[in-house]
Amino acid sequence: MRCADGRRRGKGRPALRAARGETVMDVLIVGGGGREHAMAWKIARSAQAGKVYVAPGNAGTALEEGVANVPIAAGDIDALCAFARERGIGLTVVGPEAPLAQGIVDRFRERGLAIFGPARAAAQLESSKVFCKDFMRRHGIPTANWRSFSDARAARAFLRECKLPAVVKADGLAAGKGVVVAHERGDAERAASEMLSGDLFGDAGRRIVIEDFLEGEEASFICLCDGRSLAPLAASQDHKARDDGDAGPNTGGMGAYSPAPVVTGAVRERVMREIMRPVVAGLAADGIEYTGFLYAGLMVDKHGGARVLEFNCRLGDPETQPLLMRLRTDLLELCLAAVHRRLDGAAVEWDGRTALGVVLASGGYPGACDTGHVIEGLESVSEDDTKVFHAGTRLDGGVVRTSGGRVLCVTSLGDDVKQARERAYRACERIRWPRRFFRTDIGHRAV
Ligand code: AMP
Ligand code: GLY
């Protein structure tokens with residue numbers, strides 16, 4: 001396997017490295033999307049990594065050197081604990097939000113197993129918008145003004161009077177689909193009623209937040225946290241809408257790039273001072289320790305002020321794919337430093353180039369998808385500066401087939417956004433299956 005940063009790290013076999021006295025540990029990554037493929041690819045190249053297991057993984061992780069899939073679902077916490085104990089896993093790293101909200105970190109810790117991610121109480125920053133907004137209000141963290149409702153009549157009465165556009169958000173986890181930006185009162189009232197009835201998102205929608213619409217440019221800002229100290233990663237930007245020109249329904253993300261020019265050095269300083277450090281300190285003051293990746297979805301205004309749209313308690317998908325193409329520091333070492341509370345002063349180094357990832361999706365996404373197709377052309381992508389991360393794929397007798405909505409994230413490095421984008425799109429054109437689609441304008445704001 002060629003390395004995206006052009007380096008080959010001849011690590012040698014884990015047993016030989018262990019015999020040389022090097023600390024080598026097996027790692028378990030929980031999840032099976034593009035983010036987890038990128039994490040596994042990066043961690044497998046760590047000098048400290050032995051075998052990297054991914055549960056449940058996808059075809060990309062199955063084919064990755066030094067990586068193996070384990071057929072355990074990301075939500076099966078008991079089975080994951082048992083696997084980690086039986087195999088003597090040195091560190092488990094959690095990709096998606098659902099197991100974090102279910103308390104996977106608490107359960108691993110109770111059993112004395114090392115894991116990187118926030119405990120259930122800390123993961124509420126993502127799993128409950130009401131908790132998150134209330135926390136921000138109490139700790140003076142900049143965000144849109146808001147009110148919460150659990151009664152549909154009261155919500156509709158508020159929406160008949162409020163400013164437009166109005167932003168209606170389901171309280172709980174809704175796979176990136178729980179936010180409606182409504183430009184018409186009727187749409188806002190309908191969204192609120194459908195969420196509160198439980199029809200749209202079940203219990204996750206029985207409470208909603210209605211907040212002011214914020215203007216500006218969005219950016220994703222992610223830090224590693226060890227409970228006290230923070231190590232910020234490079235900023236990135238994703239494209240949530242399905243279609244070119246940021247039109248169409250919201251998705252989990254159709255592409256991303258890093259760095260994000262809107263996050264200048266001054267913006268970064270301000271975000272750390274006004275948002276990221278106060279969050280960790282505020283949680284600590286409330287008796288909650290935050291360890292793990294902390295992702296702030298930001299709206300940056302034209303004066304460089306940033307306000308929080310949302311927090312996620314994990315790395316972003318697809319932001320992780322370009323981010324990890326640029327990361328020069330050993331990701332496993334960073335996670336271990338966080339677990340052992342040694343993040344203070346940790347240096348995080350970046351490839352100075354731009355990385356840009358384009359998601360190739362199945363026909364129908366983000367609705368019901370057409371899957372099961374053989375993916376053609378994967379072997380034609382072999383350039384050093386391009387990596388195809390898998391998401392909704394499965395191996396079927398040596399053949400790679402589509403198995404989900406977001407199928408691949410083709411990610412390239414370039415000297416600037418334009419070059420990264422040209423390289424990524426050149427590779428996208430060579431990969432085909434019936435009804436595959438992708439946005440053709442990823443990175444348009446940065447070009
Ligand atoms: P969230 O999942 O809360 O980040 O929301 C999904 C998307 O909805 C964001 O990426 C924004 O594009 C949009 N959004 C959410 N909240 C607001 C807001 N207060 N003002 C403007 N756009 C918003
Ligand atoms: N790309 C947005 C997210 O991971 O939530």
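First listed ligand is number 1; within each ligand, the first listed atom is number 1.
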Backbone of Ser236 reached by a side-chain donor or acceptor of Ser258 within 3.5 Å: no

Protein heavy-atom partner closest to atom 2 (O) of ligand 1 - residue, atom, separation in Å: Glu310 OE1, 3.2 Å

Donor-acceptor pair between Thr291 and Asp226 side chains, under 3.5 angstrom: no

Whether His444 and His239 hold their rings parallel, tilted or perpendicular, with breakpoints at 30° and 60°: tilted

Min heavy-atom dist Gly252 to ligand 2 below 4.0 Å: yes

Under-4.0 Å salt bridge between Asp286 and Arg138: yes

For ligand 2, the portion of Leu315 having any non-hydrogen atom under 4.0 Å away: neither

Protein heavy atom at shortest distance from atom 7 (C) of ligand 1: Asn250 ND2, 3.9 Å

Heteroatom distance test (Lys240, ligand 2): nitrogen or oxygen, under 3.5 angstrom: no

Parallel, tilted or perpendicular: rings of His37 and Phe389 (30°, 60°): perpendicular

Proximity to ligand 1 by part of Leu309, non-hydrogen separation under 4.0 Å: both

Distance under 6.0 Å and angle within 45° of ring axis: Arg435 vs Trp433: no

Selected option - heavy-atom contact closest to atom 13 (C) of ligand 1, from Val181, Asn312, Val209, Val180: Val181

Distance-only polar pair, side chains of Lys240 and Thr251, donor-acceptor under 3.5 Å: no

Within-shell test, Gly253 vs ligand 2, heavy atom, strictly < 4.0 Å: no

Under 4.0 Å to a heavy atom of Lys240 - the qualifying atoms of ligand 1, by number: 10 (O)

Sub-4.0 Å atoms of ligand 1 with respect to non-hydrogen atoms of Lys129: 2 (O), 3 (O)

Crowding at CD, Glu184 (>12 non-hydrogen neighbours, <6.0 Å): no

Protein residue, atom and distance nearest to atom 5 (O) of ligand 1, heavy-atom basis: Val179 CG2, 3.4 Å

Atom CZ of Arg401: over 12 foreign heavy atoms under 6.0 Å: yes

Per-atom contacts, ligand 1 versus Glu218 - under 4.0 Å to a heavy atom: 9 (C), 10 (O), 11 (C), 12 (O)

N or O contact, Asn312 vs ligand 2, cut-off under 3.5 Å: yes

Between Glu319 and Ser220: side-chain donor-acceptor atoms closer than 3.5 Å: yes

Heavy-atom nearest neighbour in the protein, as seen from atom 5 (O) of ligand 2, with distance rounded to 0.1 Å: Arg314 NH2, 2.9 Å

Those atoms of ligand 2 less than 4.0 Å from some heavy atom in Asp238: 1 (N), 2 (C)

Ligand 1 to Leu214 polar contact by distance, N or O atoms, under 3.5 Å: yes

Arg35, any N or O under 3.5 Å of ligand 2 N or O: no

Non-neighbouring partners of Phe201 that pass ring-ring contact (aromatic ring centres under 6.0 Å, His included), sequence neighbours left out: none

For Lys169, the ligand 1 atoms whose distance to one of its heavy atoms is below 4.0 Å: 3 (O), 15 (C), 16 (N)

Protein contact of atom 19 (N) of ligand 1 - nearest heavy atom, named by residue and atom, plus distance: Glu211 OE2, 2.7 Å

